[in-house]
Amino acid sequence: QLSENLENVLKKLRGRGKLTEKNVSDGLREVRRALLEADVNYKVAKEFIASVKEKAIGQEVLKSITPGQQIVKVLHDELVDLLGLERSELELKGSPPHVIMVVGLQGSGKTTFVTKLGKQLRDKGRSPLLVGADVYRPAAKDQLKTNGSKVDLPVFVTEHNRVLDICAEAKQTARKNHYDVLILDTAGRLHIDEEMMDELSDVKQQMQPDEILFVADGMTGQDAVNAASEFLGYLDFTGVVLTKMDGDARGGAALSIRSVTGRPIKYMSVGESMDSLEPFYPDRLANRILG
Amino acid sequence: FSGRTKLDDELLEDLEEILIESDLGVDATMQLLDDLRDRASEIGEVDIGALQEVLQNEIKQLLSNGSHAVQPESQDGPQVIMVVGVNGSGKTTSIGKLAHQFKSKGKSVLIAAADTFRAAAMEQLENWADRANVDIIVNRKAKDPASVAYDAAAAAISRDVDVLIVDTAGRLHTQGNLMDELQKIHRVLGKQIENAPHEVLLVLDATTGQNAIMQARHFQKVVEIDGIILAKLDGTAKGGVVVAINRELDMPVKYIGVGEGIDDLQLFDPEQFAEALFY
Ligand SMILES: Nc1nc2c(ncn2[C@@H]2O[C@H](COP(=O)(O)OP(=O)(O)OP(=O)(O)O)[C@@H](O)[C@H]2O)c(=O)[nH]1
Ligand SMILES: Nc1nc2c(ncn2[C@@H]2O[C@H](COP(=O)(O)OP(=O)(O)OP(=O)(O)O)[C@@H](O)[C@H]2O)c(=O)[nH]1
Ligand SMILES: [Mg+2]
Ligand SMILES: [Mg+2]
């Protein structure tokens with residue numbers, strides 16, 4: 001599954017007995033390069049390689065494989081472990097209406113994801129209401145309304161542009177019409193835009209969401225750690241969604257985000273159509289990142 | 001003592017970290033640091049400030065390969081600009097900004113809503129056309145973007161506009177049929193107006209990592225890309241991947257997007273960009 005180059009380099013490592021520090025250092029140098037080329041953050045890659053090195057050195061070399069292949073095995077297992085061994089489900093506890101808040105940078109795929117998630121929840125027997133809380137982007141409300149009608153889901157929008165009121169009114173509507181999940185579509189924003197980040201904190205405080213999902217573009221590069229940690233600082237989000245994974249981006253941002261926030265990756269968006277939403281499989285992503 | 005250090009491993013590692021974290025990528029970073037190592041051995045002892053300056057200059061040179069503005073006056077007839085890129089990169093917003101810029105320079109501008117696919121794409125562009133105070137060709141019933149491009153080109157000629165800007169749907173470079181569609185739009189424009197599109201601009205999201213190189217390569221294969229609009233540079237991402245793209249494909253950055261407002265489009269400045277990598 002590894003890229004040709006990485007596979008060959010690692011195959012060349014010879015040795016008997018135990019994995020030496022030299023075996024491991026040589027092998028990991030190539031692996032570090034592969035991680036960086038896959039967009040894993042520099043510091044995250046450094047830390048990760050160090051922990052793999054520690055685990056690998058001194059291990060008895062297994063009979064059937066080369067030291068290089070063994071390093072890969074340790075690496076792969078560590079990666080899967082870090083990405084999240086367990087499948088992480090959506091947690092909607094307490095009494096309805098439940099609230100799921102969807103946040104992230106501009107253009108990451110939130111509005112599309114909100115619709116997909118609504119459809120999935122409806123297909124599982126719930127009664128979702130999509131809420132258009134993006135009052136900034138031109139035609140954002142139209143976009144959500146159109147999406148909603150495509151999958152036959154109700155969408156709540158208002159004439160006015162007061163975000164907190166929109167959320168409050170949506171909740172009233174949900175109670176009145178027995179919708180049991182509210183999915184809040186928020187405007188894309190920069191993590192360094194204090195005013196906009198405060199708006200999200202206010203929404204969180206008012207709506208007390210069961211889940212706050214950070215939607216990240218799967219092709220994000222080194223900057224993934226910055227946005228993720230800022231959003232975590234303001235909102236302590238509960239899960240991550242990676243989008244546009246139907247492309248050929250390696251997805252190293254996932255490792256970076258997971259590493260700095262510790263939050264589980266809950267979904268992978270794999271296309272523009274409303275049923276291209278998958279649960280997250282850590283070993284599939286591990287293979288993809290390693291190339 | 002003057003507090004100078006030799007070009008040692010620790011110093012190189014610090015520089016490596018800065019460049020990689022700016023999304024320059026491993027190859028471009030290695031190349032630049034190798035050149036630096038050769039240079040430094042001639043210079044002798046150096047300090048990190050001097051090294052940074054050498055790197056900045058090197059990067060600035062790499063990025064100074066193209067004229068950075070799109071010139072409407074070079075055409076006799078409508079200048080046609082086609083805007084392409086992956087989903088959510090900032091195409092539609094950048095077109096609104098561009099239209100406003102040309103308009104405020106006294107040019108007559110027409111926008112074509114050739115994204116016939118995505119929900120509310122036309123409404124979004126209509127809003128921008130309204131804000132920029134320019135006309136827009138839109139067809140709610142159209143399923144084929146090439147037909148909108150066709151109508152827009154015809155309108156551009158009959159109304160004798162200076163600039164026609166064509167918006168296209170976001171698409172991943174890995175979607176063969178959608179890349180074919182882009183080629184078709186390109187062809188249709190060329191059939192209507194000689195040499196159209198005169199400029200094809202690829203919009204890249206500054207937060208994108210090494211995949212931007214793949215995007216540039218693949219889009220370049222289907223339509224000749226004249227330049228890049230690097231959007232969302234007002235965030236914390238540095239967009240260093242354009243250095244790698246330039247080195248490999250000789251594709252210049254023409255504009256940068258620095259916000260969501262209509263005025264938030266600037267001409268690319270290689271010197272400023274190179275300096276900002278080191279903040
Ligand atoms: N190929 C692909 N495209 C996607 C995916 N998710 C979203 N998109 C597309 O990405 C673009 C942006 O999606 P939106 O849902 O509008 O993104 P957003 O985060 O709501 O954007 P803002 O509200 O402006 O911040 C659209 O063209 C979507 O169709 C995905 O998983 N794969
Ligand atoms: N901060 C910031 N946001 C931007 C910039 N350019 C675009 N955006 C935002 O990015 C999001 C996506 O922009 P669009 O113009 O819809 O992107 P697009 O490429 O047309 O998207 P699709 O048509 O869906 O592929 C919107 O929320 C824009 O406001 C920029 O320079 N800075
Ligand atoms: Mg949105
Ligand atoms: Mg668009």
Side-chain angles (χ1 to χ4, degrees), chain A residues 32-43 45-46 105-112 115 136-150 187-193 216-227 230 243-244 246-253 271-272, chain B residues 13 16-27 29-30 86-93 96 117-128 130-131 169-175 178 205-212 214-215 218 231-232 234-241 257 259-260:
Chain A
R32 191 188 77 118
R33 182 183 184 120
L35 292 179
L36 293 178
E37 288 177 339
D39 289 322
V40 175
N41 178 265
Y42 187 91
K43 294 183 178 73
K46 197 168 181 180
L105 297 177
Q106 290 90 345
S108 60
K110 299 174 291 302
T111 303
T112 307
T115 316
Y136 306 94
R137 171 177 160 139
K141 298 177 195 175
D142 292 311
Q143 187 186 2
L144 192 62
K145 296 235 293 286
T146 303
N147 278 356
S149 70
K150 256 199 258 157
R189 67 204 64 214
L190 294 179
H191 49 293
I192 52 174
D193 185 336
D217 193 320
M219 45 180 135
T220 307
Q222 297 288 312
D223 194 56
V225 293
N226 300 325
E230 279 299 308
T243 62
K244 307 176 201 172
D246 44 318
D248 57 3
R250 300 269 291 281
E272 285 190 272
Chain B
E13 203 181 303
E16 176 190 76
E17 180 164 351
I18 292 174
L19 295 178
I20 298 266
E21 288 193 329
S22 303
D23 282 317
L24 251 83
V26 177
D27 284 342
T29 298
M30 291 303 149
V86 302
N87 308 70
S89 62
K91 299 176 290 303
T92 304
T93 306
F117 173 74
R118 210 209 67 218
M122 297 183 209
E123 287 83 337
Q124 184 188 8
L125 194 58
E126 279 178 321
N127 182 282
W128 280 109
D130 194 56
R131 285 155 68 165
R171 68 204 64 218
L172 295 182
H173 51 288
T174 47
Q175 295 167 305
L178 294 184
D205 185 328
T207 66
T208 303
Q210 298 307 297
N211 195 251
M214 302 292 271
Q215 293 172 24
H218 286 265
K232 309 178 197 172
D234 47 316
T236 51
K238 303 283 179 156
V241 68
E260 299 185 78

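Just so you know, these numbers use all the heavy atoms, side chains as well, and skip hydrogens, waters and symmetry mates. Quick note on labels: first sequence line is chain A, next is B, and so on, each numbered from 1. Small disclaimer: the values here were computed from a predicted structure and weren't measured.
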**Message:** Using a 4.5 angstrom heavy-atom cutoff, name the option from Lys141(A), Lys145(A), Lys43(A), Glu230(A) with the most pairs to chain B.
**Reply:** Lys43(A)

**Message:** So that I can tick it off, tell me whether Asp223(A) and Lys232(B) are bridged by a salt bridge, with the cut-off set at under 4.0 angstrom between side-chain N and carboxylate O.
**Reply:** no

**Request:** List for me each residue that meets side-chain hydrogen bond (donor to acceptor under 3.5 Å, both in side chains) alongside Asp39(A), sequence neighbours excluded, and say none if there are none.
**Result:** none

**Prompt:** By ring pair (Phe, Tyr, Trp, His ring centres under 6.0 Å), which residues pair with His191(A), not counting sequence neighbours?
**Reply:** none

**Complete:** Okay, Asp193(A) and chain B: the region with an atom under 4.5 Å from a heavy atom over there is neither

**Prompt:** In terms of heavy-atom pairs under 4.5 Å, which option from Gly90(B), Ala121(B), Gly209(B) contacts chain A the most?
**Reply:** Gly209(B)

**Asked** By a 4.5 Å heavy-atom criterion (distance strictly below it), what part of Asn127(B) contacts chain A: side chain, backbone, both, or neither?
**Response** side chain

**Request:** Decide yes or no for Tyr42(A) and Gln222(A): does some side-chain heavy atom of the first lie under 4.5 Å from some side-chain heavy atom of the second?
**Result:** yes

**Asked** Is it true that a side-chain atom of Asp142(A) and a backbone atom of Ala120(B) form a donor plus acceptor pair closer than 3.5 Å?
**Response** no

**Request:** Considering only heavy atoms and a distance below 4.5 Å, find which of Leu144(A), Asn226(A), Thr220(A), Thr111(A) pairs most often with chain B.
**Result:** Thr220(A)

**Prompt:** Is the closest side-chain donor-acceptor distance between Asp205(B) and Ser89(B) under 3.5 Å?
**Reply:** no

**Toward chain A, the part of Val241(B) with a non-hydrogen atom under 4.5 Å** = neither

**Item:** Per-residue contact mode, Glu126(B) against chain A (heavy atom under 4.5 angstrom)
**Value:** neither

**Message:** If we count only N and O atoms by modelled type, under 3.5 Å, do the side chains of Gln124(B) and Gln143(A) hold a donor and an acceptor together?
**Reply:** no

**Request:** Output yes when Arg32(A) and Glu16(B) qualify as a salt bridge under the 4.0 Å nitrogen-oxygen rule, no when they do not.
**Result:** yes

**Request:** Against chain B, label Leu105(A) side chain, backbone, both or neither, depending on which of its atoms sit under 4.5 Å from a heavy atom there.
**Result:** side chain

**Item:** Options Thr208(B), Thr236(B), Thr174(B), Asp234(B), ranked by heavy-atom pairs under 4.5 Å with chain A, top entry
**Value:** Thr236(B)

**Message:** Just so I understand: if I count every heavy-atom pair under 4.5 Å between each of Glu260(B), Glu21(B), Met122(B), Gln175(B) and chain A, which residue has the most?
**Reply:** Glu21(B)

**Message:** Out of Thr146(A), Leu190(A), Thr112(A), Asn41(A), return the one with the most heavy atom pairs under 4.5 angstrom to chain B.
**Reply:** Leu190(A)

**Request:** With a 4.5 angstrom heavy-atom cut-off, could you sort out which part of Glu272(A) is near chain B: side chain, backbone, both or neither?
**Result:** side chain

**Asked** Are the side chain of Arg171(B) and the backbone of Ala169(B) linked by a donor-acceptor contact shorter than 3.5 Å?
**Response** yes

**Request:** Tell me, out of Gln210(B), Arg131(B), Glu123(B), who's got the most heavy-atom pairs with chain A below 4.5 Å.
**Result:** Gln210(B)

